[in-house]
Participant: 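Would you mind keeping the following structure in view while I ask a few things?
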Amino acid sequence: MPQVADILIPLALDTAYSYAVPTGLTLKDGDVVQIPLGPRETIGVVWGVEDRASGGNLRPVSGAIEVAPLSEPLRRLVDWLARYTLAPKGSALAMALRLPDENARTEIVRIGVRSAGKPASRPTKAREKVLAVAADGEVRGKSALAKEAGVSLSVVDGLIDDGALETIALVPEPVALPPDPDFPRQMPLSEAQAEAAAKLIAAFDTVSPFPQMQGEDRDDLAVGAVSSKGEAEDRPQDEAHPRTFPHDPLLPGSAPNGGGAALSSQAGRGDSHEVPRAILLEGVTGSGKTEVYFEAVAECVRRGRQALVLMPEIALTAQFLDRFAARFGVRPATWHSGIGGRRRERLRAGVAAGEVSVVVGARSALFLPFTDLGLIVVDEEHESAYKQEDGVHYHARDMAVVRGRLEGCPVVLASATPSIESRVNTQRGRYGHIVLPERFGGRRLPDITAIDMRLDKPERGRFLSPPMVAAVKKAVADGEQALLFLNRRGYAPLTLCSACGHRYQCRNCSTWLVEHRFRRALVCHHCGYTERKPEACVECGTFDHLTPCGPGVERIAEEAAELFPDKRIIVLSSDFPGGTERLRQELEAVAAGECDIVIGTQLVAKGHNFPYLTLVGVLDADIGLTSGDPRAAERTFQLLQQVTGRAGRGERPGRALVQTYQPDHPVIAALLSGEAERFYEEEIHAREAAGLPPFGRLAALIVSAAQREVAEAHGQAMARVADPPPGIMVLGPAEAPLALVRGRYRFRLLVKTDRGIDIQSYLRDWLARSPKPRGNTKVTIDVDPQSFL
DNA sequence: AATATAAAATGA
DNA sequence: CATTTTATATTA
């Protein structure tokens, strides 16, 4: 019987294409094959094979490619991802299968050298130094040998020509050395840590393994799928998303025991005996969460299975890798966007072969071809960096929960400041919850005190209030480190001419230009537009009347330098002069105590630990509280809790001072009292009272109008949704100003649907049926289905 | 994504 | 009307 294979191609195609399987070729699901597509050849993955006559008009599969096939859980993850994010299946596949890089194919053989045992014909001082180093007979890289001997490369080359050194092809170093789960640890776990670790380890035996997953479970893998009414929201409907593949247990309607009708949204929900989909590991800053989940990683390795630790890219620091090495004896294999070429391919191959047991990586590591995944840890689970906002829109934390269920392995979400989603999920019993309420080693959390800026005013033109100045003065006098936190890059967020009142604005974005004094430029933080800072006002021509309004970190540095002239001050922000490598070095230097006062943006709140830091001064806690973002309060609270938590993690106790104009604001009050729980309760209630779900499946609908004149003719550049289509709830704003972004007017609003429909095509159809706007306006819709509220 | 085809703009 | 640029459709 001839065979037909359904091949999914890693392109923006939503359906698999059928190809004839040539006689003599055996294919099974997941195999990677080469296929003709139009006039060219590409690769694809077998998504299904059927015994049937091809009908004669199908093109044949060209051949199989000798790489590890995609495992069933990974294929199901692709299906799930595509459906959940409304992305074409092929695009989802492209996350897990990248076309083989031609550069990576050609193996680069590194040449090593070692002593040939005979002396140099004409010995020189430099040559002797090299031979002395090489005398041990070890093989070294050429440059490594030259560096060790303190000579230049040409000396080594000369000795090779001379015959005193012999060359040897280096075996490529392994992508990762095996971590040792029983490596002697330097610091014993605290009682609380040991207890938490034991709970995590117990989870290895309670997760439901993959083959048993069935019934309502299948549909209910969803992670962010709870509305205010607590009903499932993301149950896709068959008619909106016709099934293409013969057997896909994740899709409703294909269950052996009755299909879609049995998929009650109530079934299985809220059952306390149900196995949790993930475990939230919540530990205050300094509680040693990492050490706790390292124990789960160790247990996973002991069981011979693979572990994946996801981190936001910025948190993948040398500091973290060293902590890993202190526990496991070696640094882990790492995966992030910067890893390319051969290294990337070899790591993939190592993971697929099961040789690499632990991978620490950024969100894209989620799609690595693990053969036997036994644990996923999502560190800093609240981080918004887990959201991919271009291409396929997905949230890596949530997809980690999905992959964990598909692989039948525990998923640990770790954070000091968990997201609202995870809190709600723990409240509802969907996620387990382990709490570490106290710091490791008996250290205390920093005392947080507010400075009411209405009472303690800074001097004119200054931004540090007297109590803040006094606290910094005392800390540095005692030889301690102080951090002044202000989440604003540059010198001043707004520049105006005091002669004519002209405000410098971005020509693309309707935002104010931020002065960067070091660079002598005005910069738009929205689109990156930069112009030289003018000598005279561009509007009225007056000299010396450009006035900076408000502070940025550069301006604070200026003030601090005047107040503390003999102290070492450093400014750390993402636009650090000298690039990321220099920035990394500076962060290390600060951690080593080579600095007295750090002035930083949110960059310093994440990833790095500063053991000498005892004082954190938040210069403006109110930033971000008034923005239109519905998550503003949550984000601000998390950021402030993270940054104040930097203090006092070393020997000496820490404290934090918070400058604010609204000490009674719920966010500030919660921060001061340390009552995070209550804050989140209130936040969740507030959202429900406002008719918003605590979170849900949302789409941001972006309407772009092509022409400025037309947009402005339409009622003062305001756009509105007069009549949303049924099934779509507009969360707001119903009417909003058009923002000019890269030459196009855009209008962004949040919509929500509780139906399993394809939001994008649904809205397109609705738009096509709506009355057309006058003039030459082109309206397009772009949907971002992963913008969780 | 790569390629084919259609449509629009350019130019003598 | 041929040539070049740009937008849109197709790939099994």
Participant: May I have the distance from A:Ile35 (atom CD1) to B:dA1 (atom P), rounded to whole angstrom?
Facilitator: 16 Å
Participant: I'd like to know if the side chain of A:Tyr386 reaches the main chain of A:Val378, judged simply by a donor and an acceptor atom lying under 3.5 Å from each other, with no hydrogens or angles considered.
Facilitator: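 Not a single qualifying donor-acceptor pair exists.
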Participant: Where the side chain of A:Arg363 meets the backbone of A:Ala385, is there a donor-acceptor pair that is under 3.5 Å apart?
Facilitator: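 Judged by distance alone, yes, a pair lies under 3.5 Å.
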Participant: Got a donor-acceptor contact below 3.5 angstrom from the A:Asp14 side chain to the A:Lys89 backbone?
Facilitator: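 A pair under 3.5 Å: yes.
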Participant: Could I get a table of every N or O pair under 3.5 Å where one atom is in the protein and the other is in nucleotides 9-12 of chain C?
Facilitator:
from: C:dT11; atom 1: O3'; to: A:Gly38; atom 2: N; distance (Å): 3.2
from: C:dA12; atom 1: OP1; to: A:Gly38; atom 2: N; distance (Å): 3.3
from: C:dA12; atom 1: OP1; to: A:Arg59; atom 2: NH1; distance (Å): 2.3
from: C:dA12; atom 1: O3'; to: A:Ser18; atom 2: O; distance (Å): 2.8
from: C:dA12; atom 1: O3'; to: A:Arg59; atom 2: N; distance (Å): 3.4

Participant: Let me know which of A:Val33, A:Val45, A:Asp31, A:Val32 forms a side chain to side chain contact (heavy atoms under 4.5 Å, CB included) with A:Ile65.
Facilitator: A:Val32
Participant: A:Gln602: what forms a side-chain contact (heavy atoms from CB on, under 4.5 Å) with it, not counting sequence neighbours?
Facilitator: A:Phe485, A:Asn487, A:Lys606, A:Leu639
